[in-house]
Student: 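Here's a structure for you.
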Protein chains: 2
Amino acid sequence: MFDIFEGDFKVQEETNISQAVVSRLPRYFRYLGDLKDEGVERISSHELSVRMNVTASQIRQDFNHFGGFGQQGYGYNVTYLYDEIAKILGLDKKHNLIIVGAGNLGQALANYMNFEKRGFIIKALFDRNTELHGKVLRGGIKIYPMEELENFIRENDIDIAVLTLPKAGALECSSKLVDNGIKAIWNFAHTDLDVPGDVAVENVHLSDSLMKLSYNEKKRFDKE
Amino acid sequence: MFDIFEGDFKVQEETNISQAVVSRLPRYFRYLGDLKDEGVERISSHELSVRMNVTASQIRQDFNHFGGFGQQGYGYNVTYLYDEIAKILGLDKKHNLIIVGAGNLGQALANYMNFEKRGFIIKALFDRNTELHGKVLRGGIKIYPMEELENFIRENDIDIAVLTLPKAGALECSSKLVDNGIKAIWNFAHTDLDVPGDVAVENVHLSDSLMKLSYNEKKRFDKE
DNA sequence: CTACATTTGTGTAATTATTGACAGTTGTTT
DNA sequence: AAACAACTGTCAATAATTACACAAATGTAG
């Protein structure tokens with residue numbers, strides 16, 4: 001009788017993890033990957049807390065949001081935990097990406113691609129600059145004109161769009177992407193987007209990040 | 001008599017602003033820049049809150065951490081507030097940067113450079129790849145061999161280092177940077193750094209960010 | 001097989017962050 | 001020039017996040 005309520009509650013909770021927790025998951029995943037590479041089979045929240053410089057309590061609490069992955073008296077099995085977090089993060093499935101804006105950053109991301117190892121496949125770039133059209137980057141990724149964007153999305157099962165455009169075009173472009181069914185935008189444009197609630201946006205505002213660094217550098221200087 | 005205590009307290013507080021607040025400053029700065037461009041002279045916390053989609057209370061409280069920039073019954077003078085936030089973020093001074101690691105990302109950042117407008121001047125890149133040595137990028141920025149790193153830092157008043165290296169070399173490199181007096185590291189390497197407390201580090205873990213996006217996309221999908 | 005050290009999951013406390021409320025000040029209108 | 005509306009700075013309340021503490025479970029050593 002109580003179990004039913006508990007169950008319902010859990011499910012509801014699972015869809016409502018705070019971003020504070022979510023932000024930490026990739027870092028856990030990274031450290032667990034390292035442990036795997038080192039051949040470590042099991043690890044306790046305490047050991048991990050020392051490595052990662054966080055509290056063991058936070059680690060246990062974070063993992064518990066998704067159900068218990070550990071065992072009392074034993075700890076966590078590294079490979080199992082690694083795989084589970086991968087699933088939570090959606091890394092067990094392939095994602096098809098397009099990059100909109102083939103400037104320095106767009107091309108760098110296309111060439112960079114450690115992401116492919118994790119199942120994020122870049123299918124194409126798009127740009128309005130006609131000089132770039134037809135250019136082929138590493139791995140045969142091609143730059144297309146903007147006009148082909150809509151068709152490409154529909155025909156290639158694209159779910160994530162990377163926005164590496166100047167501020168001006170970004171907003172307009174984001175609505176076009178959304179209209180064509182994109183459900184996730186990785187936004188490098190120097191502006192905030194305004195999209196429906198069912199579209200995920202992850203902002204990478206490099207300038208903001210650099211300013212934060214500048215503040216923190218200054219602060220430490222001021223202290224002396 | 002009381003003023004003295006109040007004063008002391010303020011100063012102490014000023015050096016201890018939470019990162020939650022600091023993270024919001026660049027965004028305020030961005031919106032204030034837009035307002036300036038639009039020719040808006042004054043703005044209330046309420047108006048700004050609508051634009052930025054945050055609470056007016058948070059805006060007032062945030063600004064108050066650094067002393068009051070507004071006036072009761074009037075609001076905030078856009079230009080004044082913009083300039084004050086610039087000062088807080090250390091944008092009133094020039095910063096000399098070097099980029100360590102002249103791969104795709106390093107070169108893209110060097111070429112990209114809207115940062116120069118804000119006083120972040122890239123002075124040079126460094127890489128171990130001999131094929132790149134001597135290559136000149138936009139604005140005359142040159143790629144040097146790693147061996148010249150230490151001298152260059154000392155002779156060119158560098159305060160910020162941008163780390164765009166693969167994971168393996170990043171840790172070793174960061175200690176070298178710190179040893180030569182770097183006080184701020186913008187870390188794009190796929191690993192956490194271990195530096196003394198007086199060195200500011202700002203991490204830009206692109207993979208982490210992408211995984212977060214993947215989680216949030218998945219979550220929205222799960223809901224239906 | 002028993003005693004003990006280890007470790008998770010979880011309820012609770014403490015801390016931090018955000019929001020609400022309002023006194024006091026300023027600008028504006030009549 | 002008085003009355004009123006708009007607005008900040010700040011105190012208090014609420015909400016969210018993090019840390020603590022311990023019962024229950026497991027592995028290990030003697």
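No experiment lies behind these values; they were computed from the predicted model shown. Protein chains get the first letters and strands the later ones, always in sequence-line order, with residue 1 at the start of each.
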Student: Quick one: which of Tyr82(A), Tyr31(A), Tyr28(A), Phe63(A) gives a ring pair (Phe, Tyr, Trp, His ring centres under 6.0 Å) with Tyr76(A)?
Tutor: Phe63(A)
Student: In this structure, how many angstroms lie between the P atom of dT19(C) and the NE2 atom of His65(B), rounded?
Tutor: 13 Å
Student: Side chain of Gln61(A), base of dA19(D): donor and acceptor closer than 3.5 Å?
Tutor: yes
Student: Output the rounded distance in Å from CG (Asn77(A)) to P (dG27(D)).
Tutor: 12 Å
Student: Return the value, rounded to whole Å, for the distance between atom CD1 of Ile59(B) and atom P of dG9(D).
Tutor: 12 Å
Student: Quick one: CE on Met211(B) to CD on Glu202(A), what's the gap to the nearest 0.5 Å?
Tutor: 12.0 Å
Student: Determine whether Asn156(B) and Ile98(B) satisfy the following criterion, side-chain contact (heavy atoms from CB on, under 4.5 Å), listing intermediate values before the conclusion.
Tutor: CA-CA 10 Å; Asn156(B) 291 274; Ile98(B) 54 169; over 6 Å; no
Student: Could you list the protein-to-nucleotides 2-7 of chain D atom pairs, N/O on both sides, closer than 3.5 Å?
Tutor:
residue	atom	partner	partner atom	Å
dC7(D)	O2	Gly73(B)	N	3.1

Student: Looking at Trp186(A) versus Phe115(A), is the centre-to-centre ring distance below 6.0 Å?
Tutor: yes
Student: What is the distance, to the nearest angstrom, from the CD atom on Gln58(B) to the C1' atom on dA16(D)?
Tutor: 13 Å
Student: To the nearest Å, give me how far apart CG (Asn53(A)) and P (dA19(D)) are.
Tutor: 11 Å
Student: So, Asp157(B) and Lys123(B), do they make that salt bridge, N to O below 4.0 Å?
Tutor: no
Student: Does Thr55(B) have a side-chain nitrogen or oxygen under 4.0 Å from the phosphate oxygens OP1 or OP2 of dT18(C)?
Tutor: no
Student: Could you state the CZ-C1' distance from Phe69(A) to dT26(D), rounded to the nearest angstrom?
Tutor: 20 Å
Student: Can a salt bridge be assigned to the pair Asp34(A) and Lys167(B) using a cut-off of 4.0 Å between side-chain N and carboxylate O?
Tutor: yes
Student: From CZ of Phe63(B) over to P of dT8(D), roughly how many Å is that when rounded to an integer?
Tutor: 10 Å
Student: Using a cut-off of 4.0 Å on non-hydrogen atoms, how would the nucleic acid contact of Ser57(A) be classed: base, sugar-phosphate, or nothing?
Tutor: base
Student: Of all the choices, dT18(D), dA17(C), dA12(D), which nucleotide is nearest to the side chain of Ala20(B) once you look at every atom?
Tutor: dA17(C)
Student: When the distance from CZ of Phe66(B) to P of dG9(D) is rounded to whole Å, what number comes out?
Tutor: 14 Å
Student: Testing the basics here: between Asn180(A) and Ile153(A), what is the closest heavy-atom pair and its distance to 0.1 Å?
Tutor: O-CG2, 3.5 Å
